Amino acid sequence: MYDCYDGLIFDMDGTILDTEQTHRQAWAHVLAGYGLSFDENVVIGLNGSPTWRVAQFIIDSHQADLDPYQLAAEKTAAVEIMLFDSVRPLPLIEVVKAYHGRKPMAVGTGSEHKMADALLKHLNLHHYFAAIVGADDVQRHKPEPDTFLRCAALLNVAPEKCVVFEDADFGLQAAQAAGMDAVDVRLL
């Protein structure tokens with residue numbers, strides 16, 4: 001089905017790994033310590049953004065005097081503890097397995113690189129991917145194209161010969177900005 005592409009790029013959270021609910025639980029846990037909350041639907045709309053950007057949005061919406069990078073670090077620490085007990089691959093991992101050894105593949109995620117590495121290793125999926133690009137590997141994040149362009153460069157594949165699998169509007173916009181075709185996995 002994707003044979004016409006030279007490279008396949010996958011978002012991680014909500015695309016190949018079932019992590020979304022755990023991320024929301026970690027946010028609720030950390031924010032409760034500050035007497036803050038978040039609108040789940042609004043945060044879902046920020047999927048694909050780096051954690052500090054979500055933290056900044058939450059801080060701004062509460063007009064709180066907090067450091068977004070510190071809040072993001074607290075959320076990341078909480079999610080690290082929770083995720084390893086709950087993370088599972090999503091059905092799209094079958095596409096990854098089907099193309100393993102046939103097409104170079106990368107993960108382009110809004111999560112930090114070390115988190116992506118750890119989760120993929122934990123699930124014995126890391127070996128499927130020739131490259132991983134996390135939020136801390138680029139200056140400009142989704143919806144900017146940098147994450148996916150870096151994936152293509154690391155795969156040594158022209159951007160227009162790549163397809164991106166995404167579950168978030170920011171990621172789909174990033175793929176389009178990179179000149180890549182995209183599959184909205186929410187529609188599969």
Side-chain angles (χ1 to χ4, degrees), residues 8-31 38 40 42-58 68-90 92-93 95-96 105-155 164-175 178 180 182-186:
L8 282 66
I9 301 172
F10 298 84
D11 172 55
M12 186 179 74
D13 298 302
T15 299
I16 59 172
L17 299 185
D18 185 7
T19 60
E20 295 300 319
Q21 187 60 37
T22 307
H23 280 282
R24 287 190 287 279
Q25 290 169 350
W27 273 122
H29 172 76
V30 169
L31 293 174
F38 67 98
E40 189 170 311
V42 173
V43 171
I44 288 171
L46 296 171
N47 280 356
S49 299
T51 307
W52 68 266
R53 187 171 284 160
V54 177
Q56 185 67 63
F57 177 83
I58 293 168
Y69 294 97
Q70 177 59 38
L71 191 61
E74 290 177 38
K75 184 267 184 179
T76 297
V79 86
E80 283 177 2
I81 294 166
M82 297 172 168
L83 265 180
F84 289 98
D85 290 334
S86 63
V87 68
R88 301 285 178 269
L90 288 167
L92 193 67
I93 204 67
V95 172
V96 173
M105 294 182 284
V107 168
T109 180
S111 289
E112 292 183 9
H113 191 117
K114 73 174 189 159
M115 176 59 83
D117 271 341
L119 288 174
L120 293 168
K121 287 176 182 171
H122 175 71
L123 294 170
N124 197 29
L125 300 172
H126 195 277
H127 67 281
Y128 289 112
F129 302 101
I132 296 172
V133 176
D136 49 332
D137 294 322
V138 294
Q139 291 290 322
R140 299 182 318 150
H141 306 98
K142 302 173 188 178
E144 299 298 329
D146 301 32
T147 298
F148 297 139
L149 291 173
R150 179 156 177 159
C151 286
L154 291 170
L155 294 178
V164 173
F165 296 85
E166 257 290 353
D167 73 317
D169 292 341
F170 281 160
L172 294 168
Q173 292 167 19
M180 300 176 183
V183 175
D184 186 341
V185 301
R186 298 171 294 190

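When reading the values below, keep in mind they use all heavy atoms of this one structure, side chains included, and skip hydrogens, waters and symmetry mates. Here the structure is a predicted model, which is why all the values come from computation and not from measurement.
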Using residues 108-116 as the side-chain source, report each donor-acceptor pair under 3.5 Å to any protein atom, sequence neighbours left out, with the distance given to one decimal.
residue	atom	partner	partner atom	Å
T109	OG1	S111	N	3.0
S111	OG	D13	OD2	2.5
H113	ND1	I132	O	3.4
H113	ND1	D137	OD2	2.5
H113	NE2	D117	OD2	3.3

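- Side-chain atoms of K75 and H23 include a donor-acceptor pair closer than 3.5 Å.
- For the atom pair OG1 (T51) and CD (E74), the distance works out to 12.5 Å, reported to the nearest 0.5 Å.
- Applying the side chain to side chain donor-acceptor pair (under 3.5 Å) criterion to E80, with sequence neighbours excluded, gives no partner residue.
- With a 4.5 Å cut-off on side-chain heavy atoms, D18 and Q21 do not count as touching.
- Residues passing the side-chain contact (heavy atoms from CB on, under 4.5 Å) test with F57, sequence neighbours excluded: V42, L46.
- Taking CG from L172 and CG from D167, the interatomic distance works out to 8.0 Å, rounded to the nearest 0.5 Å.
- Here the shortest heavy-atom pairing between A175 and F148 reads N-CD1, 3.6 Å.
- In this view, L123 and L17, V87, P89, L125 satisfy the side-chain contact (heavy atoms from CB on, under 4.5 Å) rule, not counting sequence neighbours.
- Sorted by first then second residue, the salt bridge (Lys or Arg N to Asp or Glu O under 4.0 Å) pairs that include residues 140-150, not counting sequence neighbours, are D11-K142, R140-E144, R140-D146, K142-E166.
- Of all the heavy atoms in G14 and V185, the pair that sits closest is O-CG2, 4.3 Å.
- Using bins of under 30°, 30° to 60° and over 60° for the plane-to-plane angle, the ring pair F84/H122 lands in the perpendicular bin.
- Nearest heavy-atom pair across H141 and A135 is NE2-O, 2.9 Å.
- Here the closest heavy-atom approach between residue A28 and residue F38 is recorded as N-CE2, 3.5 Å.
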Between I9 and M180, is a side-chain contact (heavy atoms from CB on, under 4.5 Å) present by the stated rule, with each step listed? CA-CA 10 Å; I9 301 172; M180 300 176 183; 3.9 Å; yes
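- Considering only residues two or more places apart in sequence or on other chains, F129 meets the ring-ring contact (aromatic ring centres under 6.0 Å, His included) condition with none of them.
- Residues V133 and C151 approach most closely at CG2-SG, 3.7 Å, considering heavy atoms.
- Here Y128 pairs with H100 under the ring-ring contact (aromatic ring centres under 6.0 Å, His included) rule; sequence neighbours left out.
- The ring-ring contact (aromatic ring centres under 6.0 Å, His included) test applied to H126 returns no partner, not counting sequence neighbours.
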Could you give me the CA-CA distance, side-chain angles and deciding distance for R24 and E20, then say whether side-chain contact (heavy atoms from CB on, under 4.5 Å) is met? CA-CA 6 Å; R24 287 190 287 279; E20 295 300 319; 3.6 Å; yes
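- When all heavy atoms of L155 and A106 are compared, the pair lying nearest together is CD1-CB, 3.9 Å.
- Residues meeting the side-chain contact (heavy atoms from CB on, under 4.5 Å) test with P143, sequence neighbours left out: F170, Q173.
- Residues meeting the side chain to side chain donor-acceptor pair (under 3.5 Å) test with T76, sequence neighbours left out: none.
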Given side-chain contact (heavy atoms from CB on, under 4.5 Å), test V95 with L8 step by step and report yes or no. CA-CA 10 Å; V95 172; L8 282 66; 4.3 Å; yes
I16 vs L90, side-chain contact (heavy atoms from CB on, under 4.5 Å): CA-CA, chis, key distance, verdict: CA-CA 5 Å; I16 59 172; L90 288 167; 5.7 Å; no
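- Residues satisfying the side-chain contact (heavy atoms from CB on, under 4.5 Å) criterion with A55, sequence neighbours excluded, are W27, P68, L71, A72.
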